[in-house]
Amino acid sequence: MMAHPNQFPSVLPAALAAFSDDGRLYRAYNHVVAALSGAVLLVPMYLVRGDLSGVVDGCPVPWEEVDDVLRMAPAATHDFDFASEPYSPLVMGLADLFPGRWSLDFVNINRSSHHAWRLQHACGPRFACTADRVYQG
């Protein structure tokens with residue numbers, strides 16, 4: 001049986017803005033979308049609390065990319081250990097937003113030959129990025 005969404009952690013829009021190049025947040029596919037160059041964060045609307053009046057209807061990245069991150073079934077997932085490598089502050093910020101279990105798999109975004117890292121939290125948020133955004137540089 002699925003847990004009620006109110007049992008999941010919630011975040012304020014300001015916390016998600018750190019995952020956006022320009023601080024703007026968007027609403028698409030019933031998710032709040034934040035985008036950086038080479039990365040996108042998708043958080044289900046039911047996990048975002050507070051004033052959403054600044055959230056823009058639309059999508060900051062091609063719709064196909066968001067569709068791939070949300071809908072492509074993982075071939076195999078692995079529990080993601082934030083302490084196992086020197087990950088970038090961007091990736092480490094995910095653990096602050098939504099503590100607990102994240103899983104990792106890889107997807108082809110927009111039917112390209114390049115694989116993107118996709119991290120998924122058990123309560124619904126998804127984050128995908130290019131390999132250069134994963135590690136500290």
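Along the sequence shown, residues are numbered consecutively beginning with 1. Keep in mind it's a predicted model, so treat the numbers as computed, not measured.
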Review point. Tell me, do R49 and L12 make a side-chain contact under 4.5 Å, heavy atoms counted?
Key: yes
Study note, to complete from the structure: So SG of C129 and CH2 of W117: to nearest 0.5 Å the spacing works out to 7.5 Å
Point to revise | Within-4.5 Å side-chain heavy-atom neighbours: C123 and L47 | key: yes
Check your understanding: Given the rule in the side chain to side chain contact (heavy atoms under 4.5 Å, CB included) test, do L25 and F19 qualify, once you have shown the distances and angles that lead to the verdict?
Key -> CA-CA 9 Å; L25 300 175; F19 290 84; over 6 Å; no
Review point. Are D21 and S37 side-chain neighbours, meaning at least one heavy-atom pair lies under 4.5 Å?
Key: yes
Review point. Rounded to the nearest 0.5 Å, how far apart are CZ of F82 and CH2 of W102?
Key: 6.0 Å
Review point. Side chain to side chain contact (heavy atoms under 4.5 Å, CB included) between V32 and L16: does it pass, once the steps are laid out?
Key: CA-CA 9 Å; V32 172; L16 301 177; 3.8 Å; yes
Review point. Closest heavy-atom contact between S20 and L36?
Key: C-CD2, 3.5 Å
Review point. So, R118 side chain and V69 main chain: donor-acceptor pair closer than 3.5 Å or not?
Key: yes
**Study point:** From CG (L119) to CG (L104), nearest 0.5 Å
**Key:** 5.5 Å
**Study point:** Closest non-hydrogen atom pair, G23 against A17
**Key:** O-CB, 3.6 Å
**Study point:** Side-chain heavy-atom pair H115, N108 within 4.5 angstrom cut-off
**Key:** yes
Point to revise | Heavy-atom pair with the smallest gap, counting every atom of L52 and P13 | key: CD2-CG, 3.7 Å
Revision key, fill the gap. Of L42, L41, V55, V43, the one forming a side-chain contact (heavy atoms from CB on, under 4.5 Å) with V33 is L42
Practice item. Taking the side chain as every heavy atom from C-beta outward, state whether S10 and V48 have any atom pair closer than 4.5 Å. Key: no
Review point. Is a side-chain N or O of H121 found less than 3.5 angstrom from the main chain of P99, in a donor-acceptor match?
Key: yes
Point to revise | Of all pairs that satisfy side-chain hydrogen bond (donor to acceptor under 3.5 Å, both in side chains), the ones with a partner from residues 51-61, not counting sequence neighbours | key: R27-D57, D51-S53
Review point. Just by modelled atom types, is the R101 backbone N or O under 3.5 Å from a matching donor or acceptor in the D79 side chain?
Key: no
**Study point:** S84 side chain vs D81 backbone, donor-acceptor pair below 3.5 Å
**Key:** yes
Check your understanding: Can you find a pair of side-chain heavy atoms, one from L94 and one from F80, that are under 4.5 Å apart?
Key -> no
**Study point:** Over all atoms of both residues, closest heavy-atom pair of G58 and Y26
**Key:** O-CB, 3.4 Å
Review point. With side chains defined as the heavy atoms from C-beta onward, is the minimum distance between Q120 and D105 less than 4.5 Å?
Key: yes
Point to revise | Rounded distance [0.5 Å steps], OH in Y87 versus OH in Y135 | key: 4.5 Å
Review point. Would you say the side chain of Y29 lies within less than 4.5 Å of the side chain of R71, judging by non-hydrogen atoms?
Key: yes
